[in-house]
Every structure is written in C-alpha cells, then in structure tokens.
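Everything below concerns the one structure shown next.
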Amino acid sequence: AAWDQLAERVAWLREKAGLPSCLSAVGVDARLFVEMSGEAARQWTAGFNPREAIIGELEAIYHAAHEDGGR
C-alpha cells in the first residue's frame with residue numbers, strides 16, 4: 001500500500017541521515033510522558049487536528065516512539 005511505501009521511504013531517509021529511530025536513543029525519559037502528553041494536548045496546534053487530542057492516546061504514541069520509533 002502507498003502508506004507502507006511512504007513509511008519505508010521515511011525510515012530509509014532517517015537512516016541515511018543518521019538520525020535516531022526512537023526517543024530513548026536521544027535520552028527522553030519515559031516518566032515524562034504523562035506531562036508531555038498534557039502539554040501536547042494543550043498546544044494551540046492540537047486544535048487543528050482532525051481528531052481530538054486525547055492525553056491517553058498521546059501518551060501511547062510517546063511510548064511507541066520511545067522503544068522502536070514506531071517501526
């Protein structure tokens with residue numbers, strides 16, 4: 001599918017650029033995710049999302065990105 005191809009391409013570009021693939025690789029402490037999620041939900045940019053910014057869902061995204069970069 002096109003979505004998978006895009007994700008593979010972005011992962012390839014990230015790897016070629018030498019960028020880390022997860023939050024833990026840059027020292028982000030998972031204990032901060034609750035606070036980070038609340039702050040993200042309150043950002044003015046959250047108002048432009050097509051879906052409501054729900055703190056629990058944002059926290060789950062941070063956890064997924066912490067371990068494996070979502071891939």
Side-chain angles (χ1 to χ4, degrees):
W3 175 257
D4 291 327
Q5 290 175 336
L6 175 60
E8 288 174 15
R9 181 66 173 172
V10 170
W12 179 82
L13 289 169
R14 180 202 44 77
E15 188 176 312
K16 289 292 182 191
L19 298 173
S21 63
C22 58
L23 293 175
S24 61
V26 292
V28 177
D29 187 339
R31 294 175 293 186
L32 297 174
F33 291 166
V34 172
E35 181 181 350
M36 291 168 56
S37 299
E39 290 178 10
R42 289 187 297 276
Q43 290 291 316
W44 68 271
T45 53
F48 294 102
N49 268 350
R51 290 182 54 184
E52 180 181 358
I54 298 171
I55 292 173
E57 291 177 354
L58 293 169
E59 188 177 351
I61 291 169
Y62 284 129
H63 279 287
H66 189 257
E67 297 305 318
D68 65 358
R71 260 217 170 273

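All figures in this text were calculated on a predicted structure; none of them were measured in a lab.
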With a 3.5 Å cut-off and sequence neighbours excluded, list the donor-acceptor pairs that the side chains of residues 44-52 form with protein atoms.
residue : atom : partner : partner atom : Å
R51     : NH2  : E57     : OE1          : 3.1
R51     : NH2  : E57     : OE2          : 3.3

Of the non-hydrogen atoms in [X] and [Y], which two are nearest, and what is the gap between them?
{"X": "H66", "Y": "A30", "result": "NE2-N, 4.0 Å"}
{"X": "V26", "Y": "P20", "result": "CG1-CG, 3.3 Å"}
{"X": "L58", "Y": "A53", "result": "CD1-CB, 4.1 Å"}
{"X": "I55", "Y": "A41", "result": "CG1-CB, 3.8 Å"}

* salt bridge (Lys or Arg N to Asp or Glu O under 4.0 Å): pairs with one or both residues in residues 20-48, sequence neighbours excluded ->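 Found D29-R31.
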* To do: Determine yes or no for a side-chain-to-main-chain donor-acceptor pair under 3.5 angstrom, with S24 supplying the side chain and E67 the backbone.
  =>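 No; zero donor-acceptor contacts below 3.5 Å.
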* **Separation of I61 CD1 from I54 CD1 (nearest 0.5 Å)** =>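 So the gap between those two atoms works out to 10.0 Å.
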* To do: Report yes or no: do V34 and Y62 belong to one cluster of Ile/Leu/Val/Met/Phe/Trp/Tyr joined by side chain heavy-atom distances under 4.5 Å?
  =>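 They do not share one cluster, since no chain of ILVMFWY contacts under 4.5 Å joins V34 to Y62.
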